[in-house]
Amino acid sequence: MKHLLPAPRHAETGSGSAELAPGSAVSGPAPLADAVRLALPVLDLKGLDLRRLDLRGLDLRPGDAAVAAVRVEEDPRLGPEAYAMTIARDGVDITAGDRAGAFYAGQTLRQLLPSEAFRSALVPGTSWKVPCGRVEDAPGFSWRGAHVDVARNFLPKREVLRMIDLMALHKLNRLHLHLADDQGWRVESRAFPLLHEVGSHRPRTITSRKGEELAFDDVPHGGYYTLADLTEIAAYARARAVTVVPEIDVPGHACAALAAYPALASRPQERYEVLDRWGISPAILSPLPATVDFLTTVFAEIADALGDVPYFHIGGDECVLDDWAASAEISAYQASLGLESTGDLHAWFLRRLADALAERGSRTVVWDEAFVSGRLRPDTIVMPWRGEHVARRAAAAGHDVVATPVFPMYFDYAEAASPEEPAGLGDAITVADVAAFAPAPSEWPEQERARVAGVQFQLWSERIPDGRTLDYRAWPRGCAAAEVAWTGGPAGPEDFFRRLDAHLARLDAFGVDYRPLSGPRPWQRGGTGWRRHRPGAVAVHDVMRHLHELSLSADSTRPSL
């Protein structure tokens with residue numbers, strides 16, 4: 001019990017052990033039993049609902065196939081995602097608040113088995129014993145997220161499904177997919193097919209860095225998910241207690257969309273291209289009714305493909321509003337709405353989209369610039385990426401917040417100020433930094449702390465070209481984020497790192513190309529040129545001070561870096 005990660009609320013070890021042999025039966029309501037089985041795939045457990053069997057004439061002696069090794073029942077009084085598990089010599093008894101709770105009980109049971117339980121096939125000679133004892137557990141936060149940017153660098157569907165598997169074994173439950181940005185549009189649209197036909201690819205990608213002469217790789221890059229892919233991803237995620245949160249970032253970050261449909265731009269006479277470099281373009285969608293109609297149609301396509309969509313992210317960040325101010329048509333429209341400034345128009349535009357999403361049953365999620373602009377629906381969730389101060393202001397205003405600060409939750413930053421690291425945006429954000437994070441600081445008033453729905457780490461992909469690099473950036477920092485998200489607060493460093501050391505063997509068995517705590521392996525090092533990290537070029541704490549200052553201004557929709 002002492003090596004579980006994230007740590008449960010209560011765990012005690014008894015004497016003896018139970019054997020959970022491959023092919024053992026699981027009994028209980030089908031949804032819950034199936035969830036436990038799914039959490040233990042290598043054992044290929046069999047579903048068995050004893051309440052549905054005709055037991056007359058069966059001899060239920062120990063060892064009989066009709067006697068389940070794992071017995072599951074539901075008790076909603078435990079609450080969402082909660083469970084209690086007792087392991088005795090004759091088997092495992094699980095009581096779960098819902099299907100997710102049963103799934104997480106299965107994941108805990110998996111961690112109590114040898115690390116070979118994290119492989120996809122049985123290893124001969126493994127003893128599948130679990131120590132007797134009891135675990136009582138429930139999450140500290142309802143939102144335990146991972147953000148994956150597939151817009152800057154596309155990741156094939158297989159990598160998304162694998163990320164869901166990794167999230168599930170860490171009890172993370174929100175996959176925030178950043179599907180559109182200046183550098184690519186990553187989802188099919190049948191209503192507006194040029195979005196994926198034109199916006200999903202670029203002919204080259206920048207390789208030079210700030211201050212250097214521009215250089216490009218001249219390698220085409222692209223890809224998108226079909227609507228059927230989204231349906232598959234969402235179903236795969238739901239089975240593993242993960243909710244997909246799609247993001248279409250508007251009205252800025254729009255080059256890819258405008259390359260497909262320039263008529264939706266504030267300057268429709270210009271020619272737009274999918275951006276082939278990092279940074280932010282001043283290109284911006286028009287706020288006129290035609291754009292709102294366009295976006296509500298696209299949002300509906302995505303939501304219909306995903307199925308149940310409780311949350312939909314619309315961005316609202318880093319917008320240069322100069323083109324709105326320069327347009328006579330947009331200025332006239334602004335005046336007709338009785339709005340005094342383009343900042344007010346920005347807020348109105350996002351509110352109109354949020355209202356449309358609410359009609360479909362989805363809560364809107366935004367980055368914190370949208371909160372500073374004002375006019376949000378009361379039920380809008382704010383992601384305060386610019387730090388604790390703006391997070392507290394949003395919470396005090398009555399908004400649920402998901403803590404997403406650059407420090408320590410932006411995993412595109414390097415994990416050490418060393419040229420041996422692969423190129424990162426800046427330095428440094430370590431596993432210890434993540435483990436020490438308090439999403440709801442103790443000095444906040446209780447009513448503000450109660451507004452913190454959870455925490456999420458971000459994997460912006462300018463420097464994540466493939467799945468191996470995603471592994472390196474995400475883990476084991478993601479393990480620390482999962483600890484904070486599940487337990488509801490900072491981890492005790494000595495205890496956490498002891499448990500993490502044991503947990504890394506599970507990641508090895510799963511096949512994760514994580515960053516060792518001692519530093520990158522030889523093949524993970526930065527190499528030469530643009531792939532090598534430049535220590536000291538961007539210091540994360542300097543960035544945080546700058547971002548905080550920007551968040552104090554009502555004119556904070558502009559790019560912050």
Side-chain angles (χ1 to χ4, degrees), residues 80 139-145 147 173-174 176 178 243 245-252 299 309-319 343-407 409-410 437-458 484-485 488-489 544 547-557 560:
F141 288 118
S142 61
W143 189 297
R144 307 181 300 282
H147 162 285
N173 69 346
R174 302 282 187 268
H176 176 173
H178 188 80
T243 298
V245 181
E247 181 184 0
I248 300 296
D249 197 352
V250 296
F299 291 176
V309 183
Y311 313 103
F312 202 116
H313 205 303
I314 62 173
D317 61 309
E318 297 181 321
C319 299
D344 292 337
L345 184 58
H346 174 266
W348 176 90
F349 177 78
L350 296 176
R351 174 64 180 259
R352 177 68 187 87
L353 295 174
D355 287 341
L357 287 168
E359 292 173 4
R360 295 185 55 88
S362 296
R363 287 183 72 181
T364 295
V365 189
V366 295
W367 299 109
D368 65 54
E369 290 94 330
F371 161 71
V372 176
S373 290
R375 297 176 183 266
L376 292 181
R377 286 176 57 92
D379 61 352
T380 298
I381 299 170
V382 177
M383 289 189 168
W385 68 283
R386 293 184 293 181
E388 177 185 320
H389 298 87
V390 70
R392 184 172 179 181
R393 286 157 52 202
H399 290 286
D400 288 343
V401 300
V402 176
T404 57
V406 170
F407 182 83
M409 288 293 157
Y410 270 37
F437 180 54
S442 58
E443 61 268 23
W444 289 13
E446 182 55 38
Q447 64 270 27
E448 294 173 6
R449 288 170 49 83
R451 284 293 181 181
V452 179
V455 61
Q456 176 175 286
F457 63 86
Q458 280 57 241
V484 169
M544 292 304 294
L547 293 177
H548 168 58
E549 292 169 0
L550 288 169
S551 72
L552 298 175
S553 169
D555 184 27
S556 73
T557 61
S560 300

Visitor: Applying side-chain hydrogen bond (donor to acceptor under 3.5 Å, both in side chains), can you list everything that pairs with R449, at least two apart in sequence or on another chain?
Guide: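 If we apply the side-chain hydrogen bond (donor to acceptor under 3.5 Å, both in side chains) test to R449, skipping adjacent residues, there are no hits.
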
Visitor: Between V372 and V390, is any pair of side-chain heavy atoms under 4.5 Å apart?
Guide: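 Yes, side chains in contact.
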
Visitor: Please find the pair of heavy atoms, one from D368 and one from V382, that lie closest to each other, and give the distance.
Guide: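 Looks like CA-CG1, 3.9 Å.
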
Visitor: With rounding to the nearest 0.5 angstrom, report the CD to SG distance, E369 to C319.
Guide: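 Rounded to the nearest 0.5 Å, the CD-SG separation comes out at 7.5 Å.
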
Visitor: Test of understanding: with side chain to side chain contact (heavy atoms under 4.5 Å, CB included), list the residues that count as partners of R363, not counting sequence neighbours.
Guide: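 R363 satisfies side chain to side chain contact (heavy atoms under 4.5 Å, CB included) with Y311, D379, I381, D400 once adjacent residues are dropped.
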
Visitor: At what distance, to the nearest 0.5 angstrom, does CG of D317 lie from CZ of R386?
Guide: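 Between D317 CG and R386 CZ, I get 9.0 Å after rounding to 0.5 Å.
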
Visitor: Angle between ring planes, W385 versus Y410, binned at 30° and 60°: parallel, tilted or perpendicular?
Guide: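 Rings of W385 and Y410: parallel, under 30°.
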
Visitor: Would V452 and W444 count as a side chain to side chain contact (heavy atoms under 4.5 Å, CB included) if you check the C-alpha gap in whole Å, the side-chain angles of each, and the deciding distance to 0.1 Å?
Guide: CA-CA 11 Å; V452 179; W444 289 13; 3.8 Å; yes

Visitor: NE2/H399 to CG/L376 distance, rounded to the nearest 0.5 angstrom?
Guide: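 One gets 4.5 Å once the value is rounded to the nearest 0.5 Å.
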
Visitor: Could you check V455 against R144 for side chain to side chain contact (heavy atoms under 4.5 Å, CB included), going step by step and ending with a plain yes or no?
Guide: CA-CA 6 Å; V455 61; R144 307 181 300 282; 5.7 Å; no

Visitor: Within a strict 4.5 Å, meaning less than it, do heavy atoms of the F371 and V401 side chains meet?
Guide: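 The answer is no, as the side chains (C-beta and beyond) never meet within the 4.5 Å cut-off.
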
Visitor: Between R393 and S551 (side chain of the first, backbone of the second, donor and acceptor by atom type, cut-off under 3.5 Å), is there such a pair?
Guide: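 Yes: the side chain of R393 pairs with the backbone of S551.
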
Visitor: What are the two closest non-hydrogen atoms of E448 and A395, and how far apart are they?
Guide: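 Here E448 and A395 meet closest at O-CB, 3.7 Å.
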
Visitor: Nearest 0.5 Å please: distance from the CG atom of L547 over to the CG atom of L552.
Guide: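 Rounded to the nearest 0.5 Å, the CG-CG separation comes to 11.0 Å.
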
Visitor: What is the minimum heavy-atom distance between F141 and A453, and which atoms define it?
Guide: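 What the structure gives for the nearest pair is CB-O, 3.5 Å.
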
Visitor: Should I314 and V366 be marked as a side chain to side chain contact (heavy atoms under 4.5 Å, CB included) after you check the CA-CA gap, both sets of side-chain angles, and the distance that decides it?
Guide: CA-CA 6 Å; I314 62 173; V366 295; 3.8 Å; yes

Visitor: Over all heavy atoms of both residues, which pair between P310 and T243 is shortest? Give the atoms and the distance, please.
Guide: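 Closest heavy-atom pair between P310 and T243: CG-CG2, 3.7 Å.
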
Visitor: Between the main-chain N or O of W348 and the side-chain N or O of R375, is there a donor-acceptor pair closer than 3.5 Å?
Guide: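 Looks like no, no N/O pair under 3.5 Å.
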
Visitor: Would V484 and F457 satisfy side chain to side chain contact (heavy atoms under 4.5 Å, CB included), going step by step from the backbone distance to the final call?
Guide: CA-CA 11 Å; V484 169; F457 63 86; over 6 Å; no

Visitor: What's the separation between atom NE2 in H313 and atom CH2 in W367, rounded to the nearest 0.5 Å?
Guide: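 Result: 4.5 Å between the selected atoms.
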
Visitor: Using side-chain hydrogen bond (donor to acceptor under 3.5 Å, both in side chains) as the criterion, list what pairs up with H176, not counting sequence neighbours.
Guide: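 Per chain and number, H176 pairs via side-chain hydrogen bond (donor to acceptor under 3.5 Å, both in side chains) with E247, Q456.
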
Visitor: Show the nearest heavy-atom pair for residues A347 and S373, with the distance to one decimal.
Guide: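 A347 and S373 have their closest heavy atoms at CB-O, 3.8 Å.
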
Visitor: Do the side chains of L353 and F299 get nearer than 4.5 Å, heavy atoms only?
Guide: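 Yes. Closest side-chain heavy atoms under 4.5 Å.
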
Visitor: For the residue pair H548 and H389, does the interplanar ring angle fall in the parallel (under 30°), tilted (30 to 60°) or perpendicular (over 60°) class?
Guide: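 Rings of H548 and H389: tilted, 30 to 60°.
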
Visitor: Report yes if some heavy atom in the side chain of V250 is under 4.5 Å from a heavy atom in the side chain of I248; otherwise report no.
Guide: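 Yes, at least one pair of side-chain atoms sits under 4.5 Å.
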
Visitor: Of all heavy-atom pairs between A370 and G315, which one has the smallest distance, and what is that distance?
Guide: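 Residues A370 and G315, closest heavy atoms: CB-O, 4.5 Å.
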
